[in-house]
Each structure stands twice: as structure tokens, then as C-alpha cells.
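So the structure is just underneath, and the comments pick up after that.
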Amino acid sequence: MPELAEVEYYRKVWNPGLEKKVRQVYLNPHARNFRDCNTLILKQHLKGRVLRSSAAKGKHLLFHFSGNNWLGIHLGMSGKLCRTCIDKDRKDTQSVFKQDKHDHFVLLQSRHVLIFNDSRMFGRICFHHGKEAPEWWRNIPPALSSNNFDRAALKAYLTRRRRSTIKGVLLAQERFPGLGNWMADEILWRARIQPHCHAAQIEGDKLKDLFYAIKEVCRDALNVIGKDWSNPPDSWLFNHRWGNKGRCPKTNKLLKRETVSGRTTCWSPAWQQWPDCSRD
DNA sequence: CTATTTGTTTATCC
DNA sequence: AGGATAAACAAATA
């Protein structure tokens, strides 16, 4: 599930652990989540450290610990962060924290248990020791909400990917960090562009529509889902896109679900007719 | 039993 | 050579 806004939400779930020491690290070294990570080194370096800060960029999370230690987390398809509180009257923490089958990484603090849970294990955990944040973090492209993502950058990328469907293009993290399947559908619906449209076909005013839809969906998603995971209003495509019988909030006509660029895509044929009306 | 899934990497083909 | 596409990863859910 996690896209830009969900990742930002999950980042804050661990906030109560800020400025608190890690007493113990539990992890499942066989979980695929650690495929790029030396789990022994990770445990050694995090034990006894204080969680200083956290940040989210696109779908990536970075937690900074004392002693120049950095924990990178990507949630993949099914990853989530959660937390449980430890009752201060109970000293037996093992009896307080019931480890779920898919809790592959756990930081135990004196008052909180910070948990990474991922059933499908497409998520990724990595560790970095150094004065500076890791290189992969610094290389994440500028946030879509920043002024560094502008119409010129969008146009240049659409030109480079001119033969791809716009749906596939919007999912490219190298240009649109944080966009995922539902956000891409929401953007195209708001900009009234068919998901099968080739990138080259978007020009002039339609390029402007697309640009502002990207900005708007990022802002709205962060303000609603990213803030406290409250349910978006029914005026978004979001609430209607998951099942097979959803109706377009604009036209009240049935939405269509098809695979576009390898991903399930929901769109409103009556509402999204750019670049022409030849498809239904 | 089968089909589907909110993400990314890798191999393969053009 | 660069870019598009399909498969693979793994487990839950319908």
C-alpha cells in the first residue's frame, strides 16, 4: 500500500521513540527484507543508540541514530511500521510485546516497541554508518512538492519517455518519487487523461493540467492520509477505485479496470477522454 | 483450487 | 545503446 503519503504517515508512527535509547534489537536474519544488509552489523550499531530523527523522501524512510548510524527502510508492497507501548509498571517486556509472524525487525526501547512488519517481504532494510546520510538517500530526486520539480522538468521527462504510456511514466521513481498506483490513477483522473495515452501526446494546456494534478494530489494525499490516515472524501477517485463496481464521482458512470503498463489501472472512460474519443 | 494485489529489480527483446 | 516489457519475488485475501 505505501506510497508517498502512507510512507509519511508511517514515519510518524515511530515518533514517540525519538530521543530514546534502543535497549535491544530483534530481527529475523532470514527475512528477505535484509537482502542488502549485514544484520550482525546492524544489530551491533543500533543497540544502545538513541533515535535522533527521521525523514521521508518519496517512498524511502531514513532514521538517524546517535553515533553516526542510519537506518534506511523501504516498505515495498506490504510493509508497515507500528508501535506498542510498554506499561511502566510491568518490567517483563517480553510478555507485553507479542511478536507477529511478520514482525521482521523490532527495536525495543524502555517505553515503546518500534516494529517493522512486512508479510510479502518486498520491503528493504539497510544500514549505513557515517557522518553523512548515505549516498542513495542524497540521490533521491527532488520532492514533487518542491519548486525543483517544475513544468520544464515534467516536459523533459515526458519527451524522454515519449513512447511509454503516461500511467507507466508516472510510476517512475527516478522522476516522480513517491507516486504509486493509486496516486497515478488519481492524477490522471483529475487531469482527465486516459492512462493509455502516450507521454508524447501530452502537450500545451494538457501538460499544464497534468502538472497541477501532480502537485494537487501530492498535497491532498499528504494533508489527509499522510497526516492521520483519515479517509479521503468521496469526491476523490480514491474511494471508488478498488472494487469492480465503482462509479466515477464526476459522471456517476461505471469505472473501468484494466492492466496498463503492467499495473491494475482504474479510470473513468466518460471523464478521461484525452487525447481523443476513440476509446470507450 | 484460482486469481488478484498499493513495488522494484532483473532479464530479455526491440 | 537506450528504452519498453514481462517475469520474479511472497503471502494474504476473495
Go through DNA chain B in 5' to 3' direction and return only the first and the last nucleotide with some atom under 4.0 Å of chain A's heavy atoms. B:dT5 to B:dT9
Between A:Trp14 and A:Tyr10, does the ring centroid distance fall short of 6.0 Å? no
Sort by first number and list every stem of DNA chain B: at least 3 consecutive Watson-Crick or G-U wobble pairs, both distances under 3.5 Å. B:2-5 with C:11-14, B:7-14 with C:2-9
Carboxylate-amine/guanidinium contact [X] [Y], below 4.0 Å:
X        : Y        : value
A:Arg11  : A:Glu8   : yes
A:Asp185 : A:Lys167 : yes
A:Arg52  : A:Glu19  : yes

Footprint string (nucleotides 3-14 of chain C, 5' to 3'): B base within contact, S backbone only, - free, heavy atoms under 4.0 Å: SS----BBBS--
Which part of the nucleic acid does A:Arg257 contact within heavy-atom distance under 4.0 Å: base, sugar-phosphate only, or nothing? sugar-phosphate
Could you check whether A:Thr264 gets within reach of a base, just the sugar-phosphate, or nothing at all, counting any heavy atom under 4.0 Å? sugar-phosphate
Suppose you measure atom P in C:dA12 against the same atom in B:dT9; what distance do you get, rounded to whole Å? 24 Å
Quiz question: by atom type and distance under 3.5 Å, do the side chains of A:Trp274 and A:Gln201 form a donor-acceptor pair? no
Within 6.0 Å of NZ in A:Lys21, more than 12 heavy atoms from elsewhere: no
Determine, step by step, whether A:Glu132 and A:Trp70 satisfy the side chain to side chain donor-acceptor pair (under 3.5 Å) criterion, reporting the C-alpha distance in whole Å, the side-chain angles of both residues, the deciding distance to 0.1 Å, and the verdict. CA-CA 9 Å; A:Glu132 302 280 322; A:Trp70 309 78; over 6 Å; no
